[in-house]
Student: 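Got a structure here, written out as structure tokens. Questions coming.
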Amino acid sequence: MHVRAVAVTTTALLGVALTAPLSHARADAAGEDGPTVVAHRGASGYAPENTLAAVDRAAELGIRWVENDVQRTRDGELVVLHDESLARTTDVEEVFPDRSPWKVKDFTAAEIARLDAGSWFGSSYAGARVPTLEQYVNRVEHNHQKLLLELKSPGLYPGIERQTLKVLANEGWLDRRHVAGRLVVQSFDADSIRTVHDLKPAVKTGFLGTPAVSELPAYAEFADQINPSYGSLSMSYVSAVHAFTGPHGRPLEVLTWTVNDADTARRVAGYGVDGIITNKPDVVRDAVD
């Protein structure tokens with residue numbers, strides 16, 4: 001099946017974006033036989049999402065894998081933010097009241113750097129900023145953590161795959177040590193992930209969604225992970241994904257999102273998933289450990 005056709009058929013199945021890593025890192029956050037725990041947008045249940053504070057909170061909880069979202073500013077800077085609009089998680093409406101709908105792509109990096117990305121979450125985080133991708137990966141490195149990086153809405157940002165890889169290379173994240181066990185790049189866009197694989201085959205990749213089992217051979221050409229929402233998951237689907245071998249010669253993995261309670265964590269762990277993405281990584285870790 002042609003990759004573009006795969007992307008079209010699966011887009012309708014997708015909803016809100018999320019993220020994931022690989023099972024050789026399971027022991028980082030759970031028992032050796034348990035799933036890897038990934039802090040979704042950092043420990044976003046306890047600190048404002050996608051900020052350096054959320055990365056640090058995950059580190060304080062002993063969580064090795066963090067997930068983030070990358071977009072591009074009007075002047076070409078890569079920044080870490082989930083929504084296409086700045087309105088939900090910053091004070092952009094107060095600072096730039098006449099710039100509705102406040103899309104990331106319509107603001108310069110300097111303008112975004114002025115925004116408060118923490119007060120919406122709690123007064124103790126007032127003054128937190130939207131980090132650049134460089135700032136984010138440097139903090140992850142400082143904390144000795146691992147990175148699940150999502151290309152957010154890549155159709156809005158032509159060439160973001162090559163640009164993201166360039167930033168990662170400049171910051172030392174494409175050496176053998178990082179690509180072997182500390183980095184996964186993922187997206188809801190199958191073509192974007194195929195592009196990452198073609199540009200840098202050593203980098204592990206993940207597709208966010210629930211492709212039909214009949215489509216998995218096409219995905220296995222360029223994706224190491226299939227990462228569905230937990231509501232779409234079943235034990236039989238996990239087993240079906242595991243039956244295919246990915247581009248790096250290992251079985252495809254399954255990381256599921258977004259699980260924030262102990263009962264659901266234990267249920268999906270029982271399905272045999274390789275990782276669980278969560279806003280409350282301590283809750284999930286304690287449930288599956």
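Just so it is clear, the values below take in all heavy atoms, side chains as well, and ignore hydrogens, waters and symmetry mates.
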Student: For Lys204 and Val179, indicate whether the former's side chain and the latter's backbone hold a donor-acceptor pair under 3.5 Å.
Tutor: yes
Student: So that I can tick it off, tell me whether Arg267 and Asp263 are bridged by a salt bridge, with the cut-off set at under 4.0 angstrom between side-chain N and carboxylate O.
Tutor: no
Student: Please tell me if the side chains of Arg139 and Pro131 come closer than 4.5 Å, counting only heavy atoms from C-beta onward.
Tutor: no
Student: I need the minimum non-hydrogen distance between Ile63 and Gln145, along with the two atoms involved.
Tutor: O-NE2, 3.3 Å
Student: Verify, without hydrogens or angle tests, whether Thr256 (side chain) and Tyr230 (backbone) share a donor-acceptor contact under 3.5 angstrom.
Tutor: yes
Student: With rounding to the nearest 0.5 angstrom, report the OG1 to CG distance, Thr264 to Leu233.
Tutor: 11.5 Å
Student: Quick check: do Tyr136 and Thr132 have side-chain heavy atoms less than 4.5 Å from each other?
Tutor: no
Student: With rounding to the nearest 0.5 Å, note down the distance linking CZ in Arg285 to NZ in Lys280.
Tutor: 14.5 Å
Student: Is the backbone N or O of Arg74 less than 3.5 Å from a side-chain atom of Thr108, with the two atoms forming a donor-acceptor pair by type?
Tutor: no
Student: Linking I/L/V/M/F/W/Y whenever their side-chain heavy atoms sit closer than 4.5 Å, directly or via other members, would Tyr271 and Phe244 fall into one cluster?
Tutor: yes
Student: Trp120, Leu115: one ILVMFWY side-chain cluster at the under-4.5 Å cut-off?
Tutor: no
Student: Please check: side-chain N/O of His178 versus main-chain N/O of Gly172, any donor-acceptor pairing under 3.5 Å?
Tutor: yes
Student: So, taking the atom named CG in Leu149 and the one named CG in Asp69, what distance separates them when rounded to the nearest 0.5 Å?
Tutor: 8.5 Å
Student: Taking the side chain as everything from C-beta on, heavy atoms only, tell me whether Leu78 gets closer than 4.5 Å to Gln163.
Tutor: yes
Student: Are any side-chain N or O atoms of Asp116 and backbone N or O atoms of Ser119, one a donor and one an acceptor, separated by less than 3.5 Å?
Tutor: yes
Student: Take Ser85 and Asp83 through the test side-chain hydrogen bond (donor to acceptor under 3.5 Å, both in side chains) and record every step on the way to the result.
Tutor: CA-CA 5 Å; Ser85 171; Asp83 297 4; over 6 Å; no
Student: Are any of the side-chain heavy atoms of Thr278 and Val38 separated by less than 4.5 Å?
Tutor: no
Student: Salt-bridge test for Arg99 and Asp106: reply yes if a basic N is under 4.0 Å from a carboxylate O, no otherwise.
Tutor: no
Student: Hey, what's the ring geometry for Phe188 with Trp257, parallel, tilted or perpendicular (30° and 60° as the breaks)?
Tutor: perpendicular
Student: Measuring from atom CD1 of Ile226 to atom CG of Leu255, what distance do you get when rounded to the nearest 0.5 angstrom?
Tutor: 10.5 Å
Student: Measuring from Glu150:CD to Ser153:OG, what's the distance to the nearest 0.5 Å?
Tutor: 8.0 Å
Student: Describe, in one word, how the ring planes of Phe121 and Tyr125 are oriented to each other, choosing from parallel (under 30°), tilted (30 to 60°) and perpendicular (over 60°).
Tutor: perpendicular
Student: May I ask you to decide whether Glu141 forms a salt bridge with Arg182, counting only side-chain N to carboxylate O separations under 4.0 Å?
Tutor: yes
Student: Please assess Val184 against Asp224 for the test side-chain contact (heavy atoms from CB on, under 4.5 Å), listing each intermediate value before the final yes or no.
Tutor: CA-CA 9 Å; Val184 178; Asp224 299 275; over 6 Å; no
Student: With rounding to the nearest 0.5 Å, note down the distance linking CD in Glu134 to CG in Leu168.
Tutor: 9.5 Å
Student: Quick one: do the Thr73 and Asp75 side chains pair a donor with an acceptor below 3.5 Å?
Tutor: yes
Student: Would you call Glu84 and Lys105 a salt bridge, taking side-chain N to carboxylate O under 4.0 Å as the test?
Tutor: no
Student: Stepwise, does the side-chain hydrogen bond (donor to acceptor under 3.5 Å, both in side chains) test hold for Tyr46 with Asp282?
Tutor: CA-CA 10 Å; Tyr46 308 114; Asp282 55 334; 2.6 Å; yes
Student: Verify, without hydrogens or angle tests, whether His248 (side chain) and Pro201 (backbone) share a donor-acceptor contact under 3.5 angstrom.
Tutor: yes
Student: Show, in sequence, the C-alpha distance, side-chain angles and deciding distance for Asp274 and His242, and conclude whether the side-chain hydrogen bond (donor to acceptor under 3.5 Å, both in side chains) test is met.
Tutor: CA-CA 10 Å; Asp274 302 283; His242 284 163; 2.8 Å; yes
Student: When you measure from the side chain of Arg129 to the backbone of Arg114, do you find a donor-acceptor pair of N or O atoms at a distance under 3.5 Å?
Tutor: yes
Student: Does a sphere of radius 6.0 Å around CZ in Arg176 hold more than 12 heavy atoms from other residues, nucleotides or ligands, not counting ones at 6.0 Å or beyond?
Tutor: no
Student: Check whether Thr195 reaches the backbone of Glu161 with its side chain - one donor and one acceptor, N or O, closer than 3.5 Å.
Tutor: no
Student: Should Val167 and Val104 be regarded as members of a common hydrophobic cluster, given that ILVMFWY residues are connected when their side-chain heavy atoms come within less than 4.5 Å of each other, either directly or indirectly?
Tutor: yes
Student: So, does Gln71 use its side chain to make a donor-acceptor pair with the main chain of Lys152 at under 3.5 Å?
Tutor: no
Student: So, the side chain of Glu253 versus the backbone of Asn227: is there a donor-acceptor pair under 3.5 Å, distance only?
Tutor: no
